[in-house]
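Only one structure is covered here, and it is reproduced in the block below.
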Amino acid sequence: MFAARRPGCHHAGVDFTLDDDLEALAAEARTVATAWAAPVPEDSWLIGHSREFSLELARRGWLGMTWPVEEGGGGRSALERFVVFEALIAGGAPVAYSWFADRQIGPTLLRFGTAEQRARFLPGIIAGTDQWCVGMSEPDAGSDVASLRTRAERSAGGWVVNGAKVWMSGATTGDWCYLIARTDPDAPPHAGLSELIVALDTPGIEVRPIRDMTDARHFCEVTLTDVFVPDDLLVGEVNGSFRQVMAQMEHERGGIDRLISNRALYRDCLPLADLADPLVRQEVAALETGYCIGRLLVLREVLGQAPPSFSAATKTFCTEFEQRVAAFCTRVLGPAALVHDAGLSGRVARNLCYAPGYTIMGGTTQILRNILGERVLRLPREPRAS
């Protein structure tokens, strides 16, 4: 995909053109996205819950694409997965049913899970039949994972969990929750967390959908009261979750979904923009440039070329870009953007309301800038005031 193409230059250029096989795969995915796209194609990786489409992804071999063949995966390249899901999400295909499992749960189990756990859970993800949720954020603990208070206490043969989780997308229809809980309340905040797999039909679990201002109900609050989790559903090391979840967050924060949530909206609004206005042309040029930069940042993550924790920078840039897209589309439509109808105006109105969430979900921009400063740039902490 990346090859020098300018002989004679002091610095050889780089060709970002997809090879024929990748372009054919991307074209196939675009066709599928067009056939399955919902009336509101924006944010399809979060709100587009379709079990039928999940089964379609499985039929095409597009779940677990990069996982080892010996684990039931496709053994395909990271670029193949990239072009498939770039096309699907940009086109509004309803991938949410299987997105979390494919994006981060499977890779986490491949890295930290036991052979028995992989044999038990990976087939359902690859087949598109099992929906997973992530139990991380809490009512009083969002981006700060170390402050989680949901407790898991030792019991005969397992753990008893009590607490609450929030912003669990898809929990109303989910099968499994990948839960982070405090297993050692006396340990330092980062050192007393563990990861558990919890069946969402376990007694003691109450799921309450959260209706947001766009009328979406994919986010949920989940209360756990004396929920028993067997010992064999502990993932990785007891009290070793922080290292594991940081690895998982690299998958969550550095993906193409953080750049193209509202790409379809931009595509549909652009023909209505007044390109005779030089200021509008300048803004369009800035957005097109921003998209190219964000895509290159994501590709660095996909190809394993980014430094550790750099996904904080990738997500910050990409989600702030998505907010710029929402603002641009609103200005293009003008007063019509206030009309909440079933057409383009309604989509723009919805996205304007939804866009603030882009820089909150998956870690707030403020937290991510701290991560970037401390872990990537190694900047000194400012001394606390006495």
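Note that the structure is predicted; figures quoted are calculated from it, not measured.
If you look at Trp176 and Phe121, their ring centroids are closer than 6.0 Å. Between Trp62 and Phe85, the ring center distance fails the sub-6.0 Å criterion.
Summarising the geometry, atom CG belonging to Asp232 is positioned 7.5 Å from atom OG1 belonging to Thr114; distances are rounded to the nearest 0.5 Å. Expressed to the nearest 0.5 Å, how far CD1 of Ile105 lies from CG of Leu110 amounts to 11.5 Å. Atom CG of Leu25 and atom CZ of Arg30 lie 10.0 Å apart (nearest 0.5 Å).
The pair Asp231-Arg154 meets the salt-bridge criterion, with a side-chain N (NZ, NE, NH1 or NH2) lying under 4.0 Å from an Asp/Glu carboxylate O. At a threshold of 4.0 Å, the pair Glu320-Arg324 does not count as salt-bridged, since none of the basic side-chain nitrogens sits closer than that to a carboxylate oxygen. Looking at Glu252 and Arg258, a side-chain N of the basic residue comes within less than 4.0 Å of a carboxylate O on the acidic one, giving a salt bridge. For the pair Arg103 and Asp257, the salt-bridge criterion is met [side-chain N within less than 4.0 Å of a carboxylate O].
For the residue pair Ser241/Glu195, the side-chain donor-acceptor check at 3.5 Å is satisfied. A donor atom on one side chain and an acceptor atom on the other are not found under 3.5 Å apart for Ser194 and Arg182. Side-chain contact, Glu206 with Thr225: no donor N or O sits under 3.5 Å from an acceptor N or O. Defined by atom type and a distance below 3.5 Å, a donor-acceptor pair is present between the side-chain atoms of Ser311 and Glu250. For the residue pair Tyr97 / Asp102, no side-chain donor-acceptor distance below 3.5 Å is found, with atom types taken as modelled. Thr359 and Gln323 are linked by a side-chain donor-acceptor pair at a separation below 3.5 angstrom, with hydrogens and angles left out of the test. Under the 3.5 Å distance criterion, with hydrogens and angles disregarded, a donor-acceptor pair is assigned to the side chains of Ser261 and Trp45. Counted by atom type alone, Trp132 and Asp175 present zero donor-acceptor pairs between their side chains at under 3.5 Å.
Pro230 places a side-chain heavy atom less than 4.5 Å from the side chain of Phe228. Using a 4.5 Å cut-off on side-chain heavy atoms (C-beta onward), Tyr291 and Arg263 make contact.
At least one donor-acceptor pair closer than 3.5 Å links the side chain of Gln244 to the backbone N or O of Val235. Distance alone, capped at 3.5 Å, places no donor-acceptor pair between the Asp130 side chain and the Ile125 backbone. Side-chain atoms of His49 come within 3.5 Å of backbone atoms of Leu46 as a donor-acceptor pair (strictly under, hydrogens ignored). Looking only at distances, no side-chain donor or acceptor of Lys315 sits under 3.5 Å from a matching main-chain atom of Leu259. Between the side chain of Ser345 and the backbone N or O of Asp341, no donor-acceptor pair lies under 3.5 Å. A donor-acceptor pair is defined here as one N or O able to donate and one able to accept, closer than 3.5 Å; such a pair exists between the side chain of Gln117 and the backbone of Leu234. Of the possible donor and acceptor atoms, none in the side chain of Arg151 sits under 3.5 Å from a partner among the backbone N and O of Val161. Of the possible polar contacts, one joining the Arg281 side chain to the Leu275 backbone as a donor-acceptor pair under 3.5 Å is found. Counting only distance, with no hydrogens or angles, the side chain of Lys165 and the backbone of Val134 share no donor-acceptor pair below 3.5 Å. Between the side chain of Thr31 and the backbone N or O of Ala27, at least one donor-acceptor pair lies under 3.5 Å.
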| task | Just do the side chain to side chain contact (heavy atoms under 4.5 Å, CB included) check on Leu287 and Phe321 with the steps written out, would you? | result | CA-CA 8 Å; Leu287 289 173; Phe321 169 82; 3.9 Å; yes

| Can you check side-chain hydrogen bond (donor to acceptor under 3.5 Å, both in side chains) on Asp226 and Asn162, steps first, answer last? | CA-CA 6 Å; Asp226 294 332; Asn162 285 278; 3.2 Å; yes

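Ring planes of Tyr354 and Tyr358: perpendicular class, angle over 60° (limits at 30 and 60°). Relative ring orientation between Tyr266 and Phe328 is described as tilted, the plane-to-plane angle lying within the 30° to 60° band.
Both Val298 and Met65 sit in one connected hydrophobic cluster of ILVMFWY residues. Membership requires side-chain heavy atoms under 4.5 Å apart, directly or through other members.
By the neighbour-count criterion of 12 heavy atoms within 6.0 Å, atom CZ of Arg111 is sparsely surrounded, having that number or fewer from other residues, nucleotides or ligands. For Arg149, the CZ atom counts as loosely surrounded, since its 6.0 Å shell holds 12 or fewer non-hydrogen atoms of other residues, nucleotides or ligands. Counting non-hydrogen atoms of neighbouring residues, nucleotides and ligands closer than 6.0 angstrom, the CG atom of Asp215 exceeds 12 such neighbours. At most 12 non-hydrogen atoms from other residues, nucleotides or ligands lie less than 6.0 angstrom from CD of Gln282.
A side chain to side chain contact (heavy atoms under 4.5 Å, CB included) with Phe219 is found for exactly one of Met361, Arg211, Met168, namely Met361. With Glu42 as reference, Arg347 is the one residue of Arg350, Arg347, Arg267 to meet the salt bridge (Lys or Arg N to Asp or Glu O under 4.0 Å) rule.
Leu63 approaches Gly128 most closely through the heavy-atom pair CD1-CA, 3.5 Å. Taking all atoms of both residues into account, the shortest heavy-atom contact from Ile260 to Glu322 is N-OE2, 3.4 Å.
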